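As the structure is a computational prediction, the values presented were derived from the model and not from experiment.
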Number of protein chains: 2
Amino acid sequence: MRNRLKDVAERAGVSVKTVSNVVNGYVHVRPDTRARVEEAIAELNYRPNLSARHLRKGRTGVIALAVPELDIPYFAELARHVVTAAAEFSWTVLIDQTGGGREQERVVASGITDHLIDGLIFSPLALTAEDLTGLDGTPMVLLGERVDHGPADHVVIDNVGAAREITDHLIRLGRRRIAAIGSQRTPEGASARLRLTGYADALRAAGLDYDEALVAPAPAWHRADGAAAMRGLLASGVRPDAVFCFNDTLALGALRALHEAGLRVPEDVAVVGFDDIEDGRFSIPTLTTVAPDKAQIARLAVELLAERLDGDRSAPARELSAPYRLELRESTQSP
Amino acid sequence: MRNRLKDVAERAGVSVKTVSNVVNGYVHVRPDTRARVEEAIAELNYRPNLSARHLRKGRTGVIALAVPELDIPYFAELARHVVTAAAEFSWTVLIDQTGGGREQERVVASGITDHLIDGLIFSPLALTAEDLTGLDGTPMVLLGERVDHGPADHVVIDNVGAAREITDHLIRLGRRRIAAIGSQRTPEGASARLRLTGYADALRAAGLDYDEALVAPAPAWHRADGAAAMRGLLASGVRPDAVFCFNDTLALGALRALHEAGLRVPEDVAVVGFDDIEDGRFSIPTLTTVAPDKAQIARLAVELLAERLDGDRSAPARELSAPYRLELRESTQSP
DNA sequence: AACGTTGCCTACAACGTTGTAGAAACGACG
DNA sequence: CGTCGTTTCTACAACGTTGTAGGCAACGTT
């Protein structure tokens with residue numbers, strides 16, 4: 001059985017409130033009293049009951065991070081950074097896996113986690129702005145592009161700009177038939193649309209045609225989808241000399257398909273991705289990619305949440321942008 | 001402001017307890033009363049306060065999963081399975097990242113999560129059995145090898161047997177100079193020791209010498225460590241014709257180093273790993289590996305925890321074993 | 001008609017904590 | 001010595017929920 005303030009108080013011969021004062025670092029406690037209490041705490045291995053504390057104070061010290069899937073490396077890496085950033089505020093992070101479906105995401109947003117958490121950092125795929133209106137509940141920070149001008153604080157990166165830059169990098173390497181893998185027409189595909197826009201922008205700026213046949217959709221952004229899309233492109237007879245994959249896992253799948261088709265990367269086909277996941281630094285060949293500053297994204301999200309928790313909860317939503325850079329590796333340059 | 005039972009009760013014109021009864025599905029409520037209450041709940045968007053419920057009932061419906069690092073794919077995949085298995089019991093899973101250090105793990109085990117969680121599934125690296133003795137607190141299920149006969153329920157796989165089998169697979173392919181990457185002398189290296197034992201067993205059974213020069217240590221089991229260890233082996237002049245890496249990320253690093261050295265896999269050197277992470281199905285070449293049944297590990301862990309929560313908390317600790325199989329891919333067979 | 005049973009509902013207390021209010025002891029000061 | 005302010009500590013109530021005990025009707029049985 002767990003010990004309570006009451007047990008500690010009895011052992012130390014003081015009132016419950018005095019023990020509470022010691023636990024909470026209240027200054028006006030005589031040194032010898034404090035020592036006696038601390039001794040009793042240690043002997044009984046007392047731990048405060050967070051539920052009771054929360055009930056009384058209205059804060060749990062727990063925030064949630066909701067992501068579509070944990071075994072997508074990008075989200076796992078992001079989760080690590082969020083946990084690190086939250087540690088600065090002594091927050092525990094509850095990680096929630098939504099699966100990415102609209103209904104599940106709505107459940108999370110509308111507070112399945114109920115009164116257990118103080119705030120939510122949410123990376124939605126399918127959620128729309130209207131799903132979020134009228135949510136009185138927990139303060140929320142959104143990551144990613146989906147809910148563009150929704151009612152919540154928001155951390156983004158410049159998807160269009162980043163896609164344009166990396167496409168332009170391929171163009172400056174002399175590539176002319178640049179394919180794109182990962183387009184999506186579904187409402188979930190907000191990031192896909194933005195990256196496709198950047199891709200098209202870069203082509204246009206360079207005077208290259210936008211060729212529908214070079215743009216391959218991918219239902220999800222897993223390795224298998226990337227491989228399938230690449231095989232499809234090759235089978236269709238288009239002969240790209242470069243491929244912009246809308247994320248790194250797609251690119252790793254594409255590398256695989258190119259390898260199976262006997263094409264060399266980057267000699268025959270240059271490949272670039274997006275996200276800078278760990279795998280891309282060790283793949284064969286290593287992967288040129290857009291590297292969003294994940295640590296910064298996490299830090300901004302946590303700080304926005306902290307401000308919202310301490311400050312005015314009805315202040316207008318803010319949108320912050322995190323930086324990125326291009327990470328040039330073997331898949332676009334000969335070793 | 002959030003609504004409470006009291007607000008719903010006033011709106012529906014009933015007592016607080018009746019609303020509670022409706023929320024909890026108590027049968028003896030007149031249909032029209034129930035309808036009125038449900039209407040009020042919907043109108044006010046009422047959500048129960050889990051902290052208060054916990055305080056009263058002693059259960060939160062939240063369990064924690066503590067793993068060393070989330071961006072190690074094995075743990076991310078495991079986390080997904082645990083979340084899925086826990087959903088069967090309507091449990092929320094709080095995922096905790098320990099970092100793998102002994103002190104941090106001790107903090108987690110001794111209840112940093114305090115009274116917020118009902119139970120803990122814990123995959124420790126550095127923790128010893130004695131760190132766990134005398135923990136009165138939360139029920140716990142351990143994953144992995146570290147705390148062999150500790151005081152807590154335990155889910156394992158047969159590391160020695162699996163290592164022996166996959167080493168034997170290399171031997172049956174005709175390989176004779178089989179290196180091992182990932183040995184560790186630190187206390188954290190329990191899995192490493194077991195896998196090394198299986199490796200040595202297989203060599204002995206086949207009448208091959210155990211050559212210390214073929215065994216490369218790796219401080220951690222990341223891709224970079226695998227690459228460094230492989231480079232070290234090659235530089236030392238030993239010429240292995242196969243490598244058993246103690247996990248898949250090490251193996252992916254080793255593939256990378258072999259590629260850089262101009263050696264072909266599997267023609268010159270066969271490579272096998274351990275864990276069956278998603279990456280190994282798309283790497284070039286794809287990776288032969290030991291595939292532990294992660295879904296089963298997660299299910300067993302969750303079920304053990306459920307039994308412990310509902311049953312006798314002082315019953316003797318149980319140890320369950322999860323199955324594995326060999327996944328044969330390109331890194332040991334020509335395409 | 002009297003009685004027990006069942007269905008439906010309510011009042012109260014308690015879970016462990018902390019904010020508020022205030023009591024008691026003490027020292028400083030006029 | 002009385003007054004005042006400070007330090008140190010305590011009693012009480014409240015956070016939102018649910019288990020327990022019990023009351024009142026309506027019903028069926030003798």
Side-chain angles (χ1 to χ4, degrees), chain A residues 1-41 44-62 111 113-118 136-138, chain B residues 1-38 40-41 44-62 90 111 113-118 136-138:
Chain A
M1 208 44 225
R2 287 233 157 136
N3 291 307
R4 306 152 298 163
L5 281 182
K6 189 164 174 242
D7 303 307
V8 178
E10 278 166 12
R11 188 171 192 106
V14 295
S15 79
V16 168
K17 189 64 218 285
T18 298
V19 181
S20 170
N21 286 339
V22 169
V23 170
N24 289 282
Y26 182 66
V27 282
H28 295 309
V29 179
R30 272 211 326 270
D32 62 319
T33 310
R34 180 182 301 275
R36 248 186 14 260
V37 170
E38 278 169 349
E39 197 180 338
I41 287 176
L44 296 177
N45 190 30
Y46 167 76
R47 311 266 161 189
N49 180 322
L50 290 191
S51 286
R53 182 178 280 176
H54 174 220
L55 185 58
R56 184 60 236 242
K57 303 222 290 187
R59 285 279 190 98
T60 51
V62 178
T113 41
D114 294 308
H115 300 248
L116 264 187
I117 59 168
D118 296 338
D136 48 346
T138 316
Chain B
M1 208 45 226
R2 288 236 156 135
N3 292 308
R4 307 151 298 163
L5 282 181
K6 190 166 174 240
D7 303 308
V8 178
E10 279 166 12
R11 186 170 194 107
V14 295
S15 78
V16 168
K17 188 64 217 288
T18 298
V19 180
S20 170
N21 285 339
V22 169
V23 170
N24 290 282
Y26 181 68
V27 281
H28 295 309
V29 179
R30 272 211 324 273
D32 63 318
T33 310
R34 179 183 300 276
R36 244 183 21 257
V37 170
E38 278 169 349
I41 287 176
L44 296 177
N45 190 29
Y46 167 76
R47 311 266 162 189
N49 181 322
L50 290 191
S51 287
R53 181 178 280 175
H54 174 220
L55 185 58
R56 185 58 237 241
K57 304 223 290 187
R59 286 280 189 96
T60 51
V62 177
S90 309
T113 40
D114 294 307
H115 300 249
L116 264 187
I117 59 167
D118 297 338
D136 49 345
T138 316

Residues A/Asn3, A/Asn45; criterion side chain to side chain contact (heavy atoms under 4.5 Å, CB included); working and verdict:
CA-CA 8 Å; A/Asn3 291 307; A/Asn45 190 30; 5.5 Å; no
- Just checking A/Lys17: base, sugar-phosphate only, or nothing, at a heavy-atom cut-off of under 4.0 Å? base
With a 4.0 Å cut-off on heavy atoms, is B/Val16 in touch with a base, just the backbone sugar-phosphate, or nothing at all?
-> base
The single option from B/Val14, B/Val19, B/Thr18 that satisfies side chain to side chain contact (heavy atoms under 4.5 Å, CB included) with B/Val8 is B/Val19
Among the nucleotides D/dT10, D/dC9, D/dT17, whichever has the atom closest to the side chain of A/Val29 is D/dC9
Checking N1-N3 plus N6-O4 or O6-N4 for Watson-Crick, or N1-O2 and O6-N3 for wobble, each under 3.5 Å, the partner of D/dT30 is C/dA1
- prompt: Taking only N and O in the side chain of A/Arg4, is any of them less than 4.0 Å away from OP1 or OP2 of C/dT17?
  reply: no
*Closer than 4.0 Å, any side-chain N/O of A/Arg30 to the OP1 or OP2 of D/dT7?*
no
### Query
Does A/Thr33 place a side-chain N or O at less than 4.0 Å from the phosphate oxygens OP1/OP2 of D/dC9?
yes
Are OP1 or OP2 of D/dC15 and a side-chain N or O of A/Arg56 less than 4.0 angstrom apart? no
**Asked** B/Asn21 side chain N/O closer than 4.0 Å to the phosphate oxygens (OP1, OP2) of C/dC8?
**Response** no
Tightest non-hydrogen contact, residues B/Arg36 and B/Ala12, listed as NE-O, 3.0 Å
- Item | OP1 or OP2 of C/dT17 under 4.0 Å from side-chain N/O of A/Ser20 | no
### Query
Think B/Thr18 has a side-chain N or O under 4.0 angstrom from the OP1 or OP2 of C/dT10?
yes
Assert: residue with more 5' nearest nucleotide on DNA chain C, out of B/Tyr26 and B/Leu55, is B/Tyr26
If we only count heavy atoms from C-beta on, is the A/Val22 to A/Glu38 side-chain gap below 4.5 Å?
yes
